[in-house]
There are 2 protein chains.
Amino acid sequence: MTPTIKDVAKKANVSIATVSRILNNKPGFTPETKLKVLKVIEEIGYQPNGMARGLINKKTQTIGVIFPNVSNMYSAEVLSGIEDAAHEDGSSVIVCKTDSSMERTMKYLRVLAEKRVDGIVFASEMIKEPFYKFMQDVKIPVVLLSSISYQYPIPYVKVDDRHAAYTATIYLIEQGHKKIAMICGDRNDLIAGIPRVEGYKEALQHSGISVIEDYIINANGFAYHNGQEAMDEILVKKLDVTAIFASSDEMALGVLTTAHQKGIKIPDDFSVMGYDDLKLAQMSIPQLTTVAQPLYNMGKSAASMLFEMIATGEQVQSRIMPHSIIKRDSVKERL
Amino acid sequence: MTPTIKDVAKKANVSIATVSRILNNKPGFTPETKLKVLKVIEEIGYQPNGMARGLINKKTQTIGVIFPNVSNMYSAEVLSGIEDAAHEDGSSVIVCKTDSSMERTMKYLRVLAEKRVDGIVFASEMIKEPFYKFMQDVKIPVVLLSSISYQYPIPYVKVDDRHAAYTATIYLIEQGHKKIAMICGDRNDLIAGIPRVEGYKEALQHSGISVIEDYIINANGFAYHNGQEAMDEILVKKLDVTAIFASSDEMALGVLTTAHQKGIKIPDDFSVMGYDDLKLAQMSIPQLTTVAQPLYNMGKSAASMLFEMIATGEQVQSRIMPHSIIKRDSVKERL
DNA sequence: TTGTATGCGTTATCAG
DNA sequence: CTGATAACGCATACAA
């Protein structure tokens, strides 16, 4: 069917060894034979077989990336960075979407192991014991993205969520706000949930503002509708706040929409602040003031770190990526 | 290193053939030996080697998907569908982002060929001759997604852009609009550009409204800022229109924002209509009336078609996916 | 510089 | 039911 190295060898009147050398630029052939072989390759349209190659080299030039979800801008942006890094490294990336299901995650881990990927980027999800155990077992290098493990020594790349939330809250306070609600995406989320709430609380305390637990709204996720619901709650509870800090841009947009529907003006009646700085943060009306995560770079870094681990066989250092406040129009100074 | 089938065989006191049979459920072993072998597999944590397998089976259980871009909601949604279909089929998907570069596309095609993917989903981009020639050469099944080739017989899945644009325009007309501007993403785009403009024109003509070329704004892409710029143009040119049909939701959002900045009310001063029905179409203020493409299903269909081609070895029939008008709040009836 | 032979980890074809 | 053994396509140590 598809021509093999043998076909090339035969047609070029050389041995497969020679062809192989030429293909891999290993010393041991004259320019003439090279030319001759290359010509044959061109003629018969030979494509090396990656599997056969990988079988020997024990390298697939492929990494896997595991996401809970791929149909949101967050993952899309991160994936873009990963893809670019992989491209630079001459590798491909297999995307796996788990829907946050343990079974599906384990299944993918197994698949990636069978496919002998060189490494795995594990994104936006806590690493459970069976996952770690398995990856440990099959000895596949892993780096965590927007996640962290307190129990296992896995390198990660993420922003300091606590500090980012702290900064955001301080910004709000600097703008004159004292009564600030926080919409936390998931109270049980050890990464994107709790630390952000802590940062928020800390900022208040450091500013001499007492924390009011009622001001902390627990949404059940980070999505748009969660933001809408949270805003509803703020409204029915008639929370006496002047600013709302949502721990995702999507939720912040939900707040914007619900506010608008109720005839509430942002930022006049409430200031609102998001988290992530997705592209849609600039597309909203008003444009969203938010704390930015360098999503693309986080993806790129994670992949680069992975490639370094693969190349050196050693652990790499985790990276805390810089966050920053993007000032736009959804926060108004309160005098 | 990682245990092989040999290790299993040795430790279980059977031949590798037997292990292989058990692994693949081929007849020829007793329940006892099966139990014994399975136990050993469990113990030593054996994982079959996909490459060795693929080398023989000539199947990788992997498909490639080629996108010009992965960091937008459009691709993200489509990818999600592809991933689900692949998962159902027991396959993995390698994502390739081309940045619309011919070189990068060709490079990826070569990579996918080397990796011996079972098939390729080629998305959102015209298929150039060298691409087709190459894929023809290496005999990899392909299906086009949101694209179509007039020169080559490649199955595709897409909506009928012309008809969708027609429907959208008719809807606007039904709402009483007679002066309708169209923002076309790219006048040279044979797929998402020209057909949509044609559909728009046709709708006008069928309704006895004459086409005014000035009303057709040529943006240089389908992105948010292109929409902003187009709206600027509409404004400076003082186009006498009551409705604006943008050929992407992102662009529509751009016109929303620009309008808002200039103090123009949507839908009171202008009605605006989008295209795609991305998630963000519901997140805007006002929520966007738009013509929906079933993105997720398109991805899923494309992948399913691909798997069918792979399984049967035959061509499959192209699929025109249904579009629909999603009525929300950015279009107002004009009496 | 070049060719031969072995092995990578499987599956499949034979015998037994 | 089970076990050698030959492929699969390639890289590489070893010879020539």
Side-chain angles (χ1 to χ4, degrees), chain A residues 1-38 40-41 44-62 110-118 138-140, chain B residues 1-38 40-41 44-62 110-111 113-118 138-139:
Chain A
M1 289 291 293
T2 31
T4 75
I5 198 172
K6 256 184 211 164
D7 301 314
V8 177
K10 199 181 302 172
K11 184 148 188 189
N13 276 316
V14 295
S15 73
I16 62 169
T18 300
V19 177
S20 178
R21 286 190 203 100
I22 293 173
L23 246 32
N24 300 291
N25 244 310
K26 305 270 183 192
F29 55 85
T30 60
E32 296 93 63
T33 49
K34 171 167 181 178
L35 228 63
K36 186 172 53 177
V37 168
L38 253 29
V40 171
I41 288 180
I44 67 179
Y46 166 74
Q47 290 293 133
N49 184 318
M51 289 180 287
R53 230 175 218 183
L55 202 49
I56 296 186
N57 298 335
K58 292 171 184 326
K59 275 288 202 112
T60 48
Q61 301 290 80
T62 304
R110 259 188 288 275
V111 168
L112 293 177
E114 288 204 13
K115 291 211 159 70
R116 298 295 193 265
V117 294
D118 301 330
V138 296
K139 301 195 222 329
I140 301 184
Chain B
M1 288 293 296
T2 30
T4 74
I5 199 173
K6 256 185 209 161
D7 301 313
V8 178
K10 199 181 302 171
K11 185 149 190 192
N13 278 315
V14 295
S15 73
I16 61 171
T18 300
V19 178
S20 178
R21 285 192 203 98
I22 293 174
L23 247 31
N24 300 291
N25 245 308
K26 307 268 183 193
F29 56 85
T30 59
E32 297 93 62
T33 49
K34 172 169 181 178
L35 228 64
K36 185 172 54 175
V37 168
L38 253 31
V40 172
I41 288 180
I44 68 179
Y46 165 74
Q47 291 293 135
N49 185 318
M51 287 180 289
R53 229 174 220 185
L55 202 48
I56 295 187
N57 298 336
K58 292 171 185 325
K59 275 283 204 123
T60 48
Q61 301 291 79
T62 305
R110 258 188 290 274
V111 167
E114 288 205 13
K115 292 212 160 74
R116 298 294 194 263
V117 294
D118 301 330
V138 295
K139 302 194 221 328

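Residue numbers start from 1 in every chain, and the chains themselves are labelled A, B, ... in the order their sequence lines are given, proteins ahead of strands.
With the end axes of the helix from C:dT1-D:dA16 to C:dG16-D:dC1 each set by five pairs, the angle from one to the other reads 40° at 10° resolution.
Contact check for B:S20 versus B:L23: no side-chain heavy atoms found under the 4.5 Å cut-off.
Under the rule for a side-chain hydrogen bond (donor to acceptor under 3.5 Å, both in side chains), the partners of B:K115 that lie at least two apart in sequence or sit in another chain are A:S92. Looking at residues two or more places apart in sequence or on another chain, you find a side-chain contact (heavy atoms from CB on, under 4.5 Å) between A:K34 and A:I22, A:F29, A:L38. B:N25 is linked by a side-chain hydrogen bond (donor to acceptor under 3.5 Å, both in side chains) to nothing, counting only residues two or more places apart in sequence or in another chain. Take A:T62 and apply the side-chain hydrogen bond (donor to acceptor under 3.5 Å, both in side chains) test, not counting sequence neighbours, and it matches no residue. Applying the side-chain contact (heavy atoms from CB on, under 4.5 Å) criterion to B:T2, with sequence neighbours excluded, gives no partner residue.
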Check your understanding: Could you write nucleotides 9-16 of chain D as a row of B, S and -, 5' to 3', where a protein heavy atom under 4.0 Å of any base atom gives B, of only sugar-phosphate atoms gives S, and otherwise -?
Key -> BBBBB---

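A salt bridge (charged side-chain N to carboxylate O under 4.0 Å, His left out) check over residues 17-30 of chain A, counting only residues at least two apart or in different chains, returns nothing.
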Would you be so kind as to tabulate the donor-acceptor pairs closer than 3.5 Å made by side chains of residues 4-12 of chain B, with sequence neighbours excluded?
from  : atom 1 : to    : atom 2 : distance (Å)
B:T4  : OG1    : B:K6  : N      : 3.0
B:D7  : OD2    : B:T4  : N      : 2.7
B:K11 : NZ     : B:E43 : OE1    : 3.4

Please list, one pair per line, the donor and acceptor atoms closer than 3.5 Å that link side chains of residues 44-55 of chain B to other protein atoms, with sequence neighbours excluded.
from  : atom 1 : to    : atom 2 : distance (Å)
B:N49 : OD1    : B:M51 : N      : 2.7
B:N49 : OD1    : B:A52 : N      : 3.2

**Study point:** side chain to side chain contact (heavy atoms under 4.5 Å, CB included) between B:V14 and B:K36, intermediate numbers included
**Key:** CA-CA 10 Å; B:V14 295; B:K36 185 172 54 175; 4.1 Å; yes

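Non-hydrogen atoms lying under 4.0 Å from DNA chain C are contributed by nothing in residues 28-37 of chain B.
Nucleic acid contact for A:N13: sugar-phosphate only, since backbone atoms but no base atoms lie under 4.0 Å from a heavy atom of the residue.
Straight-line distance from the NZ atom of B:K59 to the C1' atom of D:dC8: 16 Å, rounded to whole Å.
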